[in-house]
Amino acid sequence: MAATQPSADVEGALLAHLNANGEIPDSRALASYQETPRLPHHREHGTAWRRPCLPRVVPPRPDEPCLLSCPQDITREAWVLTDEAKGYAAGGSREVHLVAAIPPEGASRAALKEEFGDVVFDIARKAAAKNKWIRFERGIVLRTVEDTTDEMQELLKRVENGEDEVQEQLKRLEKGKVVPDLIKELKRRKLVTKEKVIWYSLKKGPEFVVKRKTLATDVTREHLKSGDWKDLEFKDYNYEAQGQPIAIGYSQPLLEVREAIQNIFLEMGFSEMPTNMFVESSFWNFDALFQPQQHPARDSHDTFFLKAPATTTQLPDDYLEKVKQVHQSGGYGSKGYGYDWKRDEAEKNLLRTHTTAVSARMLYKLAQEEHFAPNS
């Protein structure tokens, strides 16, 4: 059963009673006084309020005023009604209903079974016959009394109210001692079950008040406008409180595949090219890749030229001369483009349009090494 918090009326009644009497030695007395049998107590497996009804009055954290001193538990095992028995306590026992349903001339077993059902009729018939309220003649059930006293219902009410005398007799029955037959019927018909019941002994705390004042947790816009924030009492900040969990994202599947492939090559001895230089010269971005200087593709691939610095002079002259010759007249099996190649065009800076420019730089760099071999 989920924990239930007490209503403001229950809390008010509890604090008012404490204010008038100083303490509550046994919360059962308060429950009887308020005519609310479920006032501060609980059963481990029953329907009465569980212990969490008290922390609203006895705060569990040190940053709230302690209205009550720590409650003392009064624990005992008690017999309580089953769900079936609660129905009898509220509306009367089955045997009394059976007798009331029999007319003066009697009723057939078949008619009574149809009205009550086989199971209920059988239980009520046995109990009524044991009480000598009915007799049987040739399949007819006859009443032997005009009126019945529902002693079972009265006994169930006494159990429900937690009377000590009935509880003691049930304990005696459990130990095999002599008890009245009606008490035996409670156990035989499984109308009661044993549960642990906890009551409380309560006293005033050091900061007791009849009506609790709620501490503020935030300064709102309304507080600032009205100025009442100056008179507010704020709850102490709990530095040990856990923050809200951070919502994290997940790796995109294609990125995970790319990373897996990347790790394979790295483990084989390959190293990654530096791709963190985003400003590049037209020479490495276009000319070294043998893209003609007048070709429209230079302007159609999201090419953005820089104003400052607009050009670069850090180009390898020997390699630049070889690229120029291939562009103009060819070489290495190429015919070239047959145009006048301009160094000014190659020196223009731009935002790198592709990483192939990095490949061109790296190939030139590796070619300058005295001896080139892949990493083992």
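No experiment lies behind these values; they were computed from the predicted model shown.
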pair [X]-[Y]: side-chain heavy atoms closer than 4.5 Å:
{"X": "Val358", "Y": "Met277", "value": "no"}
{"X": "Gln252", "Y": "Glu256", "value": "no"}
{"X": "Lys187", "Y": "Leu173", "value": "yes"}
{"X": "Ile134", "Y": "Leu142", "value": "no"}
{"X": "Met362", "Y": "Pro274", "value": "yes"}

Atom of [X], atom of [Y] and distance for their closest heavy-atom approach:
{"X": "Ala128", "Y": "Leu98", "answer": "CB-CD2, 4.5 Å"}
{"X": "Pro25", "Y": "Ser201", "answer": "O-CB, 3.3 Å"}
{"X": "Lys132", "Y": "Val145", "answer": "O-CG1, 4.2 Å"}
{"X": "Gln153", "Y": "Ala89", "answer": "NE2-O, 3.2 Å"}
{"X": "Leu289", "Y": "Ala357", "answer": "CD1-N, 4.4 Å"}

[Y] backbone acceptor or donor facing [X] side chain under 3.5 Å:
{"X": "His354", "Y": "Thr356", "answer": "no"}
{"X": "Thr220", "Y": "His223", "answer": "yes"}
{"X": "Glu233", "Y": "Leu215", "answer": "no"}
{"X": "Gln169", "Y": "Val179", "answer": "no"}
{"X": "Thr148", "Y": "Asp150", "answer": "no"}
{"X": "Ser329", "Y": "Gln325", "answer": "yes"}
{"X": "His97", "Y": "Gly91", "answer": "yes"}
{"X": "Thr144", "Y": "Trp133", "answer": "yes"}
{"X": "Thr149", "Y": "Glu151", "answer": "no"}
{"X": "Tyr332", "Y": "Val326", "answer": "no"}

Once rounded to the nearest 0.5 Å, what's the spacing between atom [atom1] of [X] and atom [atom2] of [Y]?
{"X": "Asp299", "Y": "Gln294", "atom1": "CG", "atom2": "CD", "result": "11.5 Å"}
{"X": "Lys157", "Y": "Lys86", "atom1": "NZ", "atom2": "NZ", "result": "15.5 Å"}
{"X": "Phe283", "Y": "Leu320", "atom1": "CZ", "atom2": "CG", "result": "4.5 Å"}
{"X": "Leu81", "Y": "Glu195", "atom1": "CG", "atom2": "CD", "result": "10.0 Å"}
{"X": "Leu182", "Y": "Arg188", "atom1": "CG", "atom2": "CZ", "result": "11.0 Å"}
{"X": "Glu185", "Y": "Asp181", "atom1": "CD", "atom2": "CG", "result": "7.5 Å"}

Could you tell me whether [X] and [Y] make a salt bridge, using a distance below 4.0 angstrom between a side-chain N and a carboxylate O?
{"X": "Arg298", "Y": "Asp287", "value": "yes"}
{"X": "Asp318", "Y": "Lys322", "value": "no"}
{"X": "Glu168", "Y": "Arg172", "value": "no"}
{"X": "Glu222", "Y": "Lys225", "value": "no"}

Quiz item: Do we see a donor-acceptor contact under 3.5 Å between the side chains of Glu163 and Gln167?
Solution: no
Quiz item: Under 3.5 Å, is there a donor-acceptor pair between the Asn349 and Ser281 side chains?
Solution: no
Exercise. Determine the sole option in Leu191, Val192, Ile183 for which the side-chain contact (heavy atoms from CB on, under 4.5 Å) test with Val159 is passed.
Key: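 Among the candidates, only Val192 passes.
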Practice problem: Quickly, which of Thr353, Asn285, Leu351 forms a side-chain contact (heavy atoms from CB on, under 4.5 Å) with Thr303? Name it, please. | Solution: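 Result: among Thr353, Asn285, Leu351, Thr353 is the only option passing the side-chain contact (heavy atoms from CB on, under 4.5 Å) with Thr303.
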Residues which pass side chain to side chain contact (heavy atoms under 4.5 Å, CB included) with [X], listed by chain and number, not counting sequence neighbours:
{"X": "Glu146", "value": "none"}
{"X": "Glu77", "value": "Lys194"}
{"X": "Arg143", "value": "Val99, Ile102"}

Self-check item: salt bridge (charged side-chain N to carboxylate O under 4.0 Å, His left out) contacts in which one or both residues fall within residues 90-108, not counting sequence neighbours
Solution: Glu84-Arg94, Glu95-Arg189
Self-check item: With sequence neighbours excluded, residues passing salt bridge (Lys or Arg N to Asp or Glu O under 4.0 Å) with Arg258
Solution: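 Arg258: no salt bridge (Lys or Arg N to Asp or Glu O under 4.0 Å) contacts found.
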Quiz item: Under the side-chain hydrogen bond (donor to acceptor under 3.5 Å, both in side chains) test, which residues partner Asn161, sequence neighbours left out?
Solution: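 Partners of Asn161 under the side-chain hydrogen bond (donor to acceptor under 3.5 Å, both in side chains) test: none.
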Self-check item: Residues that Ser282 engages under side-chain hydrogen bond (donor to acceptor under 3.5 Å, both in side chains), provided they are two or more places apart
Solution: none
Is there a path of hydrophobic side-chain contacts, each under 4.5 Å between heavy atoms of I, L, V, M, F, W or Y residues, that connects [X] with [Y]?
{"X": "Phe270", "Y": "Ile264", "result": "yes"}
{"X": "Leu155", "Y": "Val96", "result": "no"}
{"X": "Leu224", "Y": "Leu232", "result": "yes"}
{"X": "Tyr339", "Y": "Phe286", "result": "no"}
{"X": "Val279", "Y": "Phe304", "result": "yes"}

Quiz item: Heavy-atom count around Glu259 CD within 6.0 Å, excluding the residue itself: above 12?
Solution: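 Atom CD in Glu259 is not packed in, count stays at 12 or less.
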Quiz item: How far apart are the C-alpha atoms of Thr193 and Trp79, what are their side-chain angles, what is the distance that settles it, and do they pass the side chain to side chain contact (heavy atoms under 4.5 Å, CB included) test?
Solution: CA-CA 5 Å; Thr193 183; Trp79 293 91; 5.5 Å; no
Quiz item: Is the cationic atom of Arg109 (NZ for Lys, CZ for Arg) positioned less than 6.0 Å from the six-membered ring centroid of Phe136 and within 45 degrees of its normal?
Solution: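 Satisfied, under 6.0 Å and within 45°.
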Tell me, please, which residues at least two apart from [X] pass ring-ring contact (aromatic ring centres under 6.0 Å, His included).
{"X": "Tyr364", "result": "Trp284, Tyr319"}
{"X": "Tyr239", "result": "Tyr237"}
{"X": "Phe290", "result": "His327"}

Hey, can you pull the donor-acceptor pairs under 3.5 Å for the side chains in residues 110-120, sequence neighbours left out?
none

Exercise. List, by chain and then residue number, the residues other than Leu266 in its hydrophobic cluster (Ile/Leu/Val/Met/Phe/Trp/Tyr, side-chain heavy atoms under 4.5 Å); write none if there are no others.
Key: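 Noted: Leu266 shares its cluster with no other residue.
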Quiz prompt | Test log, rule side chain to side chain contact (heavy atoms under 4.5 Å, CB included), inputs Asp344 and Gln293 | solution = CA-CA 11 Å; Asp344 293 346; Gln293 290 184 338; over 6 Å; no
